[in-house]
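Notes to accompany the following structure.
Numbers restart at 1 for each chain; the letters A, B, ... are given by sequence-line order, proteins then strands.
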There are 2 protein chains.
Amino acid sequence: MVKRTSHQSADCLIARPLDAIGDWWSLLIVRDAFDGLRRFGEFQKSLGVAKNILSARLRSLVAHGILEIVPAPDGSAHNEYALTEKGRGLFYVLVALRQWGETYFSGPGEPYTFMVDTRTGRPIRRLEVHAEDGRQLAPGETRLADFRVTETG
Amino acid sequence: MVKRTSHQSADCLIARPLDAIGDWWSLLIVRDAFDGLRRFGEFQKSLGVAKNILSARLRSLVAHGILEIVPAPDGSAHNEYALTEKGRGLFYVLVALRQWGETYFSGPGEPYTFMVDTRTGRPIRRLEVHAEDGRQLAPGETRLADFRVTETG
DNA sequence: CCGCAATGGTTTCAAGTTGAAACCGAGTCG
DNA sequence: CGACTCGGTTTCAACTTGAAACCATTGCGG
C-alpha cells in the first residue's frame with residue numbers, strides 16, 4: 001500500500017483513488033466481482049492469490065466502501081462480497097484498462113476476449129473523452145483547473 | 001511488482017496492463033507526464049518519491065514502452081522522459097480514475113481540481129460506455145466474449 | 001584552472017510487505 | 001463419529017521499499 005503521503009502532489013484525485021483501491025490484486029478482485037464472483041473461494045480460485053493476501057485485500061476493499069459484506073442468499077453461514085455503488089463506479093477504470101490492454105497486449109494466438117454489449121453480443125465502442133459541447137478531446141486538449149475557474153462561457 | 005503469474009485468470013487483458021504499468025507510483029508518473037513533466041527532478045519534486053524508486057519506475061516504464069528517453073531539447077546532457085503513443089493510451093485510464101475520484105473523494109474544503117477542455121475552459125463530460133449502436137451501457141450490460149464470438153448480427 | 005553547487009542518478013541497509021504453507025474452527029455430509 | 005469443505009488466520013523466510021548517503025557529470029563564478 002502506498003504510505004500516507006501528505007506531501008503528495010496537489011492532484012490527490014488520482015492518488016487517493018489509487019490508495020483506496022489498494023493494489024493490483026484489489027483491482028483484479030473488483031474485476032472478478034463485475035464478472036459475478038462473490039465468494040472468498042471463488043476469488044481465490046480465479047486469481048490464484050494466497051489466502052492471506054486475498055483476505056487482507058477483501059478487508060481493505062470493504063473498509064474503503066468498494067465492496068460490502070452481504071449475507072449469503074441461501075441463508076448459509078458464510079457471507080459474500082458484493083460491489084457497492086462506489087465499487088461499481090470503477091467500471092470505467094476497468095473498461096479503460098481493458099481497452100488499453102486490447103490495443104497493446106493482445107498478441108496473436110492468445111485467448112483473446114473483448115467486451116461486448118450483452119444484449120446484442122457486439123463489441124462496445126472505444127471510450128472517448130468529450131467536451132461539454134460534444135467535441136471529442138484528445139489527451140493534449142484537456143488540462144486541470146481548480147474549483148474557482150473563471151466561468152468564461 | 002506483481003509476480004509472473006502464469007496461473008492468472010483467463011482475462012489477462014486487465015492483469016497484463018496492470019503488470020506493465022507497474023505500481024501506483026508509475027501511474028502517478030504517467031499522470032505527471034501528461035501534465036508536461038519530463039525530467040527526473042521534476043517528477044521527484046512533484047511526487048516526493050525516493051530517488052531510487054523513481055529511478056526504478058522510470059526504467060520500468062521505459063522498458064514497457066510507456067515512456068521513452070529523448071535527448072534534452074536544449075541540447076544539454078541530461079535526457080528527458082516522454083510519453084510514447086502507448087503511454088498516451090493511458091489517458092482514458094487516468095480520466096476514469098480521476099472522475100471516480102471526483103465523485104467519491106473530493107470533500108468540501110479540499111483543493112478541488114477537475115478536468116476541463118483546454119479550448120473553452122469548461123469541464124469535460126463524464127465517460128460513458130456505448131454499444132456499437134450508440135446506446136449507453138451500464139456496468140451490468142456488458143460481458144466478456146472470446147474471439148470466436150458468433151456474429152449474430 | 002579550481003572550487004562549488006545542481007542534476008541525475010546508484011548503493012546501502014533497516015524496516016515493512018508479501019506470499020506459500022501450515023494451521024484452525026465451524027458447518028456438512030455419510 | 002470421521003472426513004471433508006469453506007473461510008479464513010498465523011507463521012516465517014524471502015523480497016521490496018524507501019531514506020539517506022554516496023557518486024559522477026555538467027554548469028558556472030572567480
With a 4.0 Å cut-off on heavy atoms, is Phe43(B) in touch with a base, just the backbone sugar-phosphate, or nothing at all?
-> nothing
Measure from the side chain of Asn52(A), starting at C-beta and using heavy atoms only, and say which of dA20(C), dT9(D), dA21(D) lies closest.
-> dA20(C)
Charged N to carboxylate O below 4.0 Å: is that the case for Glu102(B) and Arg98(B)?
-> yes
With the side chain defined as heavy atoms from C-beta on, Ala50(A) is closest, among dG9(C), dA20(C), dT17(D), to dA20(C)
Can you label the angle between the Phe43(B) ring and the Tyr81(B) ring as parallel, tilted or perpendicular, going by 30° and 60°?
-> perpendicular
Protein-nucleotide distance (Arg59(A), atom CZ; dG8(D), atom C1'), rounded to Å = 9 Å
Is Arg57(B) near enough to dT17(D) that one of its side-chain N or O atoms lies under 4.0 angstrom from OP1 or OP2?
-> yes
Counting heavy atoms from C-beta on, name the nucleotide in dG19(C), dG9(C), dT18(C) closest to the side chain of Ser55(B).
-> dG9(C)
Roughly, in whole Å, what's the span from CH2 in Trp24(A) to P in dG19(C)?
-> 14 Å
Distance in angstrom units between Glu42(A) CD and dC6(D) C1', rounded = 12 Å
Using whole Å, report how far NZ of Lys45(A) lies from P of dG7(D).
-> 12 Å
Work out which heavy atom in Pro17(A) is nearest to a heavy atom in Gly101(B); give both atom names and the distance.
-> CG-CA, 3.5 Å
Can you tell me how far P of dG18(D) sits from CG of Leu47(B), to the nearest Å?
-> 12 Å
Take the protein atom OH of Tyr81(A) and the nucleotide atom C1' of dC6(D), then report the distance between them rounded to whole Å.
-> 12 Å
Regarding the side chain of Arg39(B), the nearest nucleotide among dG18(D), dA22(C), dG8(C) is dG8(C)
Plane angle bin for Trp24(A) and Trp24(B) - parallel if under 30°, tilted between 30 and 60°, otherwise perpendicular | perpendicular
Considering only dG9(C), dG7(D), dG8(D), which nucleotide approaches the side chain of Asn79(B) most closely?
-> dG9(C)
Report yes if a side-chain nitrogen or oxygen of Trp25(A) is closer than 4.0 Å to either non-bridging phosphate oxygen (OP1 or OP2) of dG19(C); otherwise report no.
-> yes
What is the distance from CD of Gln44(A) to P of dA21(C), rounded to the nearest Å?
-> 12 Å
Going by atom types alone, do Thr103(B) and Arg126(B) pair a side-chain donor with an acceptor below 3.5 Å?
-> yes
Spacing between Lys51(A) atom NZ and dT11(D) atom C1', to the nearest angstrom | 14 Å
Among the nucleotides dT18(C), dG8(D), dG7(D), which one has an atom lying closest to any side-chain atom of His78(A)?
-> dG7(D)
